Amino acid sequence: MPLKSHTCGELRSAHIGQMVTLAGWVHRRRDHGKLIFIDLRDRWGIVQVVFNPDTSAEAHAVAETLRLEYVIQVKGMVCRRPPGMENPDLETGEVEVAAQEITVLNTAKTPPFYINEDTPVDETLRLRYRYLDLRRQRMQRNIILRHQVVKFIRDFLCNEGFIEIETPILFKSTPEGARDYLVPSRLHPGKFYALPQSPQQLKQLLMVAGFERYFQIARCFRDEDQRGDRQPEFTQLDIEMSFVDREDVMDVVERLYTAVIEQVSDRQLLFKPFPRLTYAEAMRRFGTDSPDLRFGMELVEISDLVVGCDFRVFSETLAAGGIVKGLKVPGGASYSRKQVDELAEFVRTFGAQGLVTLALDEHGQVRSPTAKFLSEETLQSIIRRMEAQPGDLMAFVADRPSIANEALARLRVMLGDKLGLRDNKLLALCWIVDFPFLVWNEQEQRWDPSHHPFTAPMDEDIPLLDTDPGQARGKQYDLVCNGYEIAGGSVRIHRREIQEKVFRLIGLSMKEARDQFGHLLEAFEYGTPPHGGIAPGIDRFVMLLAGEPNIREVIAFPKSQSAMDLMAGAPSPVSPEQLKELHLKLDL
RNA sequence: GGGGGCGUAGUGUAGCGGUUAACAUGUCGGCCUGUCAAGCCGAAGAUCGCGGGUUCGAAUCCCGUCGCUCCCGCCA
């Protein structure tokens, strides 16, 4: 006799008359003295169990002792509920189980917070009792969704001829990129493994190995500070393909994402096919390479309209090589002085000197302390350029292009939230392409790869590497969803002379290159196919599918902001014996 | 490394210099045969995160510290 014959969630009117054995947790109890109702919960749902002393005095007596979260097994008859007593809020609400036997499989202490409702609870408590938090409906839903997404991805890619290959967790530290998590070697005193930041090099080696189409649900580790969308360990869908150009990679990924959103989630895909923006266009229109395309409020540059004007904030910024750019806040003319000050304070967070605002009142008159510095003609040309309507507020940042773009991009998103324009039922995916191949590192006075050192430059831009490297574009592509970068990839360099040229450009001597990437460079000499790939973040994507505000909600056992596991208490000290074995001395 | 927010019965909150720290919910006990956030009656439950200071008097003001969280830096 199994512990359960049916799940709690599956019972329907079709089961009426059947004897069933259920097992699960006491979700709620309603004790009427004689009649006792128990909502019994398992992973599949909730069903009402009735204990009637007339049916079984024995079972009823046990039911009186039940408390929330007790684990019980119930044997009883599935019955139609009396007329008018159905519960439409419950999928099993047409029926109930008349209990004849009950076994308490385990008792439970009163939980430290409500399991049976999704009310907010202090994050410390949730993380400390994560196994209880995971019992709650919200987390059950998220974790199950995550499973469905990963399952769908596996099936989809297998059908496309990909094979899944595991790569090592103990690997080699590379000096570039994020800080590594290190693992001391017992057998090799003073030496360390590093946990992979991503399986980047290994997947390229798998292309050299001839697997042609590889994927992995890969755990990645980066020892950097946390954010709401960043954990020290996270999961990537790692993909690499041989004999492809970027169109092939983007095609697979676009079909995959379209299918998974349409078939697994309840979110609405806003664009099909995904729009493509060049990096330059994204920066011009949105000030960022990860724009949220669910709403407008695009950035507009007005540098040419205010060059040489009497307003020195504008004219001096422009003379120094800066730009004047802004956006239009619909209905923002009614904002109070305090609200406008808050906007200015907000952009200062991102390094902007301040925010210049022009309000257009209901009569179309400009209200602003700045207006007196600008001619009527200039004001009118700004209003036309911004397409401002009476009642709108225009907000401008005059600064270096990088700061103006960043500040306005953040302001746009913040206002989008404030104005309710970021509907999380909608998913706006887009591709960003034609990234700059190199970015100038001001501190080190050298070029850095904008993606990584194995990304290929655009074929037609290869000559630029010798003449004007900053103008060269790379074969890189990012997938963006609702303002989050959810995937980044590139076609890789597979020819030695290009690779050497790139190493030279980024200031890496052949010796340094050999020390760091020798295994890869050596492999490349044994017949490397053209190849490229991409690495979508699974956690972030599931977070968006689930409509959750942070990544912890879709990870079963996440770390806190300070990278601790509050449940198990990791990290923790280790014994002197363990340290000695690893040849480590602490210096605290 | 830096800045902001939060920390008060088990939980969620109120109180923001002055009697016995309030409310809801949960918990425990009693009543109750159709509830489904069951209802009614009663009871217990807080060294106000921790340490120091100011004050006649501190949950309340100040300083420090710890924890959670958001952000900047960081994240090829």
Side-chain angles (χ1 to χ4, degrees), chain A residues 27-40 46-55 60 64 67-69 79 81-90 92-93 96 98 109-129 132 174-180 197-198 200-201 220-232 234 345-346 348-351 406-407 410 414 435 438-439 441 443-444 447-455 474 476 485 488 490 502 506 508 516-517 535 537 549-550 552 558-564 566 569:
Chain A
H27 187 68
R28 240 180 257 284
R29 72 186 178 106
R30 293 175 291 281
D31 184 346
H32 289 223
K34 291 291 186 292
L35 276 186
I36 299 174
F37 298 96
I38 297 291
D39 288 344
L40 188 62
I46 290 172
V47 69
Q48 172 165 285
V49 179
V50 193
F51 292 87
N52 189 327
D54 300 339
T55 309
H60 180 268
E64 281 183 327
R67 294 295 179 268
L68 294 182
E69 299 306 312
C79 304
R81 291 193 182 195
M85 297 301 159
E86 300 86 0
N87 184 350
D89 296 331
L90 226 50
T92 60
E96 62 191 9
K109 288 165 67 174
T110 302
F113 50 82
Y114 302 105
I115 308 295
N116 54 18
E117 46 187 276
D118 279 323
T119 47
V121 179
D122 182 71
E123 192 91 8
T124 318
L125 263 190
R126 292 183 59 201
L127 293 173
R128 177 159 149 57
Y129 297 96
L132 296 181
T174 51
E176 317 224 0
R179 196 176 295 113
D180 282 322
Q197 296 180 24
S198 83
Q200 178 62 39
Q201 298 180 31
C220 306
F221 306 85
R222 292 179 192 178
D223 187 5
E224 297 292 348
D225 288 345
Q226 313 302 295
R227 288 290 184 278
D229 62 352
R230 252 162 47 190
Q231 281 273 308
F234 59 99
E345 192 48 48
F346 180 80
R348 278 191 204 99
T349 318
F350 305 100
E406 159 105 26
R410 301 282 195 150
M414 189 268 266
F435 279 78
L438 300 164
V439 290
N441 185 329
Q443 273 186 345
E444 306 283 338
W447 293 106
D448 281 342
S450 78
H451 188 45
H452 60 65
F454 306 106
T455 296
Q476 182 192 342
E485 181 195 322
S490 66
V502 170
I506 63 176
L508 212 58
Q516 289 176 28
F517 308 113
N550 73 67
R552 293 185 303 279
K559 306 279 188 291
S560 73
Q561 173 123 8
S562 53
M564 289 198 291
L566 296 177

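Sequence lines set the chain letters: A, B, ... in the order given, protein chains first and strands last, and positions in each chain run from 1. Predicted model, so just to flag it, every value in this text is computed and none were measured.
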At under 4.0 Å between heavy atoms, what does [X] touch on the DNA or RNA strands: base, sugar-phosphate, or nothing?
X: A/R230; result: base
X: A/Q476; result: nothing
X: A/R28; result: sugar-phosphate
X: A/L125; result: sugar-phosphate

Is there a Watson-Crick or G-U wobble partner for [N] with both distances under 3.5 Å, and if so, which one is it?
N: B/U33; value: none
N: B/C61; value: B/G53
N: B/U19; value: none

Can you say whether a donor on the side chain of [X] sits under 3.5 Å from an acceptor on the base of [N], or the other way round?
X: A/E96; N: B/G34; answer: yes
X: A/R552; N: B/C68; answer: no
X: A/D122; N: B/G12; answer: no
X: A/R128; N: B/G67; answer: no

Report the nucleotide, chosen from [options], that has the shortest atom-to-atom distance to any side-chain atom of [X].
X: A/M564; options: B/U35, B/C70, B/C68; answer: B/C68
X: A/L35; options: B/C74, B/G34, B/A76; answer: B/G34
X: A/P82; options: B/A76, B/G34, B/G67; answer: B/G34
X: A/H32; options: B/C74, B/C32, B/C72; answer: B/C32

Within a radius of less than 6.0 Å around CZ of A/R30, do more than 12 heavy atoms belonging to other residues, nucleotides or ligands occur?
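Yes.
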Near-parallel close stack of A/F37 and B/U35 base (under 5.5 Å, under 30°):
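Stacked: centres under 5.5 Å apart, planes under 30°.
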Using the six-membered ring for Trp and the full ring for Phe, Tyr or His, decide whether A/H451 stacks on the six-membered base ring of B/A76 (centres under 5.5 Å, planes under 30°).
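Here the ring of A/H451 and the base of B/A76 are not stacked, as the 5.5 Å and 30° limits are not both satisfied.
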Anything under 30° is parallel, anything over 60° is perpendicular, the rest tilted; go ahead and classify A/F346 against A/F350.
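Perpendicular.
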